[in-house]
Novice: 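Below is one structure. I have some questions about it.
When reading the values below, keep in mind they use all heavy atoms of this one structure, side chains included, and skip hydrogens, waters and symmetry mates. Here, residue 1 is the first one in the sequence, and each next residue gets the next number.
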Amino acid sequence: MSVFPSCFDLMDLLARPTACPGCGAHAPAWTRVPVDGLIILTHDGDLICPRDRSFGYVPVPARLEVAA
């Protein structure tokens, strides 16, 4: 799928879920875009998902302690 949707790309959106697989936000045009060897999850082709693991997102299982 390209950044600029064609008619066939828009028809493909009807069969996919409307939630982003990374963060669960409402993003019916989510797609994975190859950039410099990485596969980046985007919400609409140019807005990067905030939970995309390509940029170092790692869920923290416990609260981090802050040294005083």
Novice: Over all heavy atoms of both residues, which pair between W30 and P21 is shortest? Give the atoms and the distance, please.
Specialist: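 Taking every non-hydrogen atom into account, CD2-CD, 3.5 Å.
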
Novice: Under 3.5 Å, side-chain donor or acceptor atoms of residues 35-42 against the rest of the protein: list the pairs with distances, not counting sequence neighbours.
Specialist:
| residue | atom | partner | partner atom | Å |
| --- | --- | --- | --- | --- |
| T42 | OG1 | T31 | O | 3.2 |
| T42 | OG1 | G45 | N | 3.2 |

Novice: Of the non-hydrogen atoms in H43 and P50, which two are nearest, and what is the gap between them?
Specialist: CE1-CD, 4.0 Å

Novice: Quick check: do R32 and S54 have side-chain heavy atoms less than 4.5 Å from each other?
Specialist: no

